[in-house]
Enquirer: 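My questions all concern the structure below.
All values below were derived from every heavy atom in this structure, side-chain atoms included, with hydrogens, water molecules and symmetry-related copies excluded. All values reported here derive from a predicted model rather than from experimental measurement.
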Amino acid sequence: MLYVVTGPPAGGKSSWILARARPTDIVIDLDRITVALSGPGAPQWNQDKLLVKVAQRARFAAIDEAVKHREETDVYLIHTMPSTKAAARYERLGARIIAVDPGRDVVMQRVRDMRADGMVAVATRWYTQQAKAGRQTASRQSSRIW
């Protein structure tokens, strides 16, 4: 099964997966890929532009290969804000879409406390996109309490 986990930055997407994925499952998380490609001592949420660019290319390759194996093992893919094209692809692949959102106030505080300044804009854009799409909070899943 392919699980596409969406939600704002610092919303708890990685924690949601951590609570469910088995060691043999495939987890595609840009933050984890970026850290794996970072030098020693890099911060957990390294947003260096060049490093993120390389990590995004690795992520695309990982997605292309992992979806071929979704019948054999669970594949968890973090995709904060899938485009219409990406969402259509996930639908064709039979993905289950999960929105993890502990609420705007919680997310904004976490972003201010733990993430780079630019992430406030990303979180704001996520909430604006949700409002435009008319998505209801009842379908969202809370993350753990930090």
Enquirer: Would you name the heavy atoms of D48 and L51 that are closest together and state the gap between them?
Expert: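 Smallest heavy-atom distance, with atoms named: OD2-N, 3.0 Å.
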
Enquirer: Working to the nearest 0.5 Å, report the span between CZ of R110 and CE of M119.
Expert: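 Here the interatomic distance stands at 15.5 Å.
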
Enquirer: Inspect the surroundings of CZ in R57 and state if more than 12 heavy atoms from other residues, nucleotides or ligands are less than 6.0 Å away.
Expert: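 Count not over threshold, so no.
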
Enquirer: Atom OG1 in T80, atom CZ in R125: separation rounded to 0.5 Å?
Expert: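 That separation rounds to 9.5 Å.
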
Enquirer: When you measure from the side chain of K13 to the backbone N and O of D29, does any donor-acceptor pair fall under 3.5 Å?
Expert: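 Not confirmed, K13 side chain does not pair with D29 backbone.
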
Enquirer: For residues G94 and M1, report the shortest heavy-atom separation together with the two atoms involved.
Expert: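 For G94 and M1, the tightest heavy-atom pair comes out as O-SD, 3.8 Å.
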
Enquirer: Would you say that more than 12 heavy atoms from the other residues, nucleotides or ligands in this model lie under 6.0 Å from the CZ of R104, or not?
Expert: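 More than 12 heavy atoms, drawn from other residues, nucleotides or ligands, come within 6.0 Å of this atom.
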
Enquirer: Name all residues meeting the side chain to side chain contact (heavy atoms under 4.5 Å, CB included) criterion together with T128; count only those two or more places apart in sequence or in a different chain, and write none if there are none.
Expert: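 Scan of T128 (side chain to side chain contact (heavy atoms under 4.5 Å, CB included), adjacent residues dropped) gives T124, K132.
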
Enquirer: Decide whether I26 and W16 are clustered together by the hydrophobic rule: side chain heavy atoms of Ile, Leu, Val, Met, Phe, Trp, Tyr closer than 4.5 Å, transitively.
Expert: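 In one cluster with I26: W16, no.
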
Enquirer: Please answer: with hydrophobic residues joined when any side-chain heavy atoms are less than 4.5 Å apart, are V100 and L18 in the same cluster?
Expert: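 In one cluster: no.
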
Enquirer: Between atom CG of D64 and atom CZ of R59, what is the distance when rounded to the nearest 0.5 Å?
Expert: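 Reported value, rounded in 0.5 Å steps: 10.5 Å.
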
Enquirer: G11 and P102: which non-hydrogen atoms are nearest, and at how many Å?
Expert: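 That would be O-CD, 3.1 Å.
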
Enquirer: What pair of heavy atoms forms the shortest contact from P9 to V111, and how long is it?
Expert: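 Closest heavy-atom pair between P9 and V111: O-CG2, 3.7 Å.
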
Enquirer: Out of I17, V5, I63, V4, which one pairs with I28 under the side-chain contact (heavy atoms from CB on, under 4.5 Å) rule?
Expert: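 Answer to the side-chain contact (heavy atoms from CB on, under 4.5 Å) test with I28 among I17, V5, I63, V4: I63.
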
Enquirer: Apply side-chain hydrogen bond (donor to acceptor under 3.5 Å, both in side chains) to D113 and Q109, showing your working.
Expert: CA-CA 6 Å; D113 291 347; Q109 186 62 53; 2.9 Å; yes

Enquirer: For the hydrophobic clusters of this structure (ILVMFWY residues joined by side-chain heavy atoms under 4.5 Å, transitively), does one cluster hold both F60 and L77?
Expert: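 Result: no, two separate clusters.
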
Enquirer: Taking a hydrophobic cluster as the set of Ile, Leu, Val, Met, Phe, Trp and Tyr residues connected by side-chain heavy atoms closer than 4.5 Å, whether directly or through intermediates, do Y127 and V122 fall within one such cluster?
Expert: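 Both belong to a single hydrophobic cluster.
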
Enquirer: Quick check for you: to the nearest 0.5 Å, what is the distance between I78 atom CD1 and I98 atom CD1?
Expert: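 If we round to the nearest 0.5 Å, I78:CD1 and I98:CD1 are 12.5 Å apart.
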
Enquirer: Indicate the atoms forming the closest heavy-atom contact of A86 with P82, along with that distance.
Expert: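 Looking at all heavy atoms of both residues, the shortest contact is CB-CB, 4.2 Å.
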
Enquirer: When rounded to the nearest 0.5 angstrom, what distance separates CZ in R89 from CG in L2?
Expert: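 CG of L2 is found 9.0 Å from CZ of R89.
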
Enquirer: Establish whether M81 and V107 are linked, either directly or via other cluster members, by ILVMFWY side-chain heavy-atom contacts under 4.5 Å.
Expert: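 Both belong to a single hydrophobic cluster.
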
Enquirer: To the nearest 0.5 Å, tell me how far Q130 CD sits from T6 OG1.
Expert: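 The CD atom of Q130 sits 6.5 Å away from the OG1 atom of T6.
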
Enquirer: Which of these passes side-chain contact (heavy atoms from CB on, under 4.5 Å) with R70: V67, D74, T73?
Expert: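 It is V67; the other options fail the test.
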
Enquirer: Using 30° and 60° as the class boundaries, would you call the ring planes of Y76 and Y3 parallel, tilted or perpendicular?
Expert: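 Because their plane-to-plane angle is under 30°, the rings of Y76 and Y3 count as parallel.
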
